[in-house]
Amino acid sequence: MSKQERSFIMIKPDGVQRGLVGEIIARFEKRGFKLVALKMIHESPEFLEKHYADLKGKPFFPGLVKYMSAGPVVAMVWEGRDAVKTGRVMLGATKPLESAPGTIRGDYAIDVGRNICHGSDSVESAEKEIKLWFPEGIIQYTSVVESQVFEN
Ligand code: IDP
Ligand code: MG
């Protein structure tokens, strides 16, 4: 419930190529979340294997690593109350048939293997992913609108 909960949100290579970077950032900004880290980076297959280590062994794993390492991604950390759960709701369900219109995937993606964005699935995964993608650390600054976004 902390106002400082953080989620690792990433725009995948297809989201970058399709020109959805601004749209996705705008949704998190407008919701009231605070951007505390952001970079564009083209990572190696080995690095993506680490990011998706819990999916090793799945039949789609080699294709997933190829897709994710095919081009640059936009890696971000967004902060705010329930950032992890709300971030997942904003992304939409993994399965395209279940991703509701109004969500990012529900509005812009059709195929599970080209689903535009990633969001941490728990606070623990968020912490791990933030350390993996931002070993240099994240930015600390005071939000001047915090009292307008949160009641307490
Ligand atoms: P999530 O991204 O919604 O957390 P995960 O189950 O963690 O979903 O899977 C990670 C990513 O792997 C998905 O976002 C999607 O890009 C890809 N993926 C998941 N299931 C499949 C599949 O059945 N076929 C192809 N790719 C898949
Ligand atoms: Mg996942």
Side-chain angles (χ1 to χ4, degrees), residues 1-139 149:
M1 284 298 280
S2 142
K3 282 183 279 192
Q4 273 84 43
E5 186 171 301
R6 288 173 183 153
S7 186
F8 174 68
I9 303 288
M10 168 168 51
I11 305 169
K12 296 181 175 182
D14 51 335
V16 171
Q17 290 289 345
R18 289 179 54 192
L20 294 169
V21 172
E23 169 68 29
I24 293 169
I25 290 176
R27 289 185 181 217
F28 281 86
E29 275 189 330
K30 288 176 189 167
R31 187 82 192 246
F33 288 109
K34 177 181 167 190
L35 182 61
V36 290
L38 170 116
K39 67 180 170 191
M40 178 177 253
I41 186 163
H42 188 165
E43 269 301 353
S44 64
E46 293 71 30
F47 186 92
L48 270 310
E49 279 177 22
K50 265 190 238 164
H51 171 75
Y52 281 125
D54 56 331
L55 296 175
K56 212 171 179 148
K58 296 273 184 195
F60 58 82
F61 187 75
L64 174 62
V65 169
K66 198 172 167 199
Y67 153 52
M68 292 297 301
S69 57
V73 302
V74 173
M76 300 175 281
V77 180
W78 288 92
E79 186 180 285
R81 186 165 286 141
D82 294 319
V84 168
K85 275 195 184 155
T86 304
R88 295 281 295 187
V89 172
M90 290 168 70
L91 257 51
T94 308
K95 290 186 186 146
L97 280 172
E98 291 166 12
S99 53
T103 66
I104 295 164
R105 289 170 174 171
D107 285 347
Y108 301 115
I110 300 174
D111 197 355
V112 68
R114 294 290 184 272
N115 62 355
I116 288 175
C117 49
H118 165 85
S120 308
D121 62 7
S122 67
V123 173
E124 297 70 50
S125 326
E127 280 166 12
K128 256 198 254 170
E129 292 170 357
I130 291 166
K131 271 196 199 124
L132 179 68
W133 287 88
F134 290 98
E136 66 273 32
I138 61 167
I139 302 291
V149 175

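Residue numbers run from 1 in the order of the sequence given. Read the numbers this way: they start at 1 and go in the same order the structure lists the ligands and their atoms.
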- For ligand 1, note which part of Met10 has a heavy atom under 4.0 Å away: side chain, backbone, both or neither. neither
- Query: Measuring from His51:NE2 to Met10:CE, what's the distance to the nearest 0.5 Å?
  - Reply: 3.5 Å
- Task: With atom 10 (C) of ligand 1 as the reference point, say which of Leu55, Asn115, Asp14 has the nearest heavy atom.
- Result: Leu55
- Query: Atoms of ligand 1 less than 4.0 Å from Arg105 heavy atoms?
  - Reply: 1 (P), 2 (O), 3 (O), 14 (O)
- Might you point out which heavy atoms bring Leu91 and Gly119 nearest each other, and give the distance in Å? CD2-N, 3.1 Å
- Protein heavy-atom partner closest to atom 24 (N) of ligand 1 - residue, atom, separation in Å: Val112 CG1, 3.5 Å
- Message: Between ligand 1 and Arg88, is the shortest N or O to N or O distance under 3.5 Å?
- Response: yes
- Work out whether the distance between some heavy atom of Lys12 and some atom of ligand 1 is less than 4.0 Å. yes
- Could you check which of Phe60, Phe61, Tyr67 puts a non-hydrogen atom nearest to atom 19 (C) of ligand 1? Phe60
- Look at Glu136 together with Lys39 and state whether they make a salt bridge at an N to O cut-off of under 4.0 Å. yes
- Message: Can you tell whether the side chains of Arg27 and Asp107 come within less than 4.0 Å, N to carboxylate O?
- Response: yes
- Note on the structure: Among non-hydrogen protein atoms, atom 17 (C) of ligand 1 lies closest to Leu64 CD1, 3.8 Å
- Message: Using 30° and 60° as the class boundaries, would you call the ring planes of His118 and Phe8 parallel, tilted or perpendicular?
- Response: tilted
- Does a sphere of radius 6.0 Å around CD1 in Ile139 hold more than 12 heavy atoms from other residues, nucleotides or ligands, not counting ones at 6.0 Å or beyond? no
- Any sub-3.5 Å donor-acceptor pair from Arg105's side-chain atoms to Cys117's backbone N or O? yes
- Taking atom 1 (P) of ligand 1 as the reference point, the nearest protein heavy atom with its distance: Thr94 OG1, 3.5 Å
- Using a strict cut-off of 4.0 Å, indicate which atoms of ligand 1 neighbour a heavy atom of Tyr52. 10 (C)
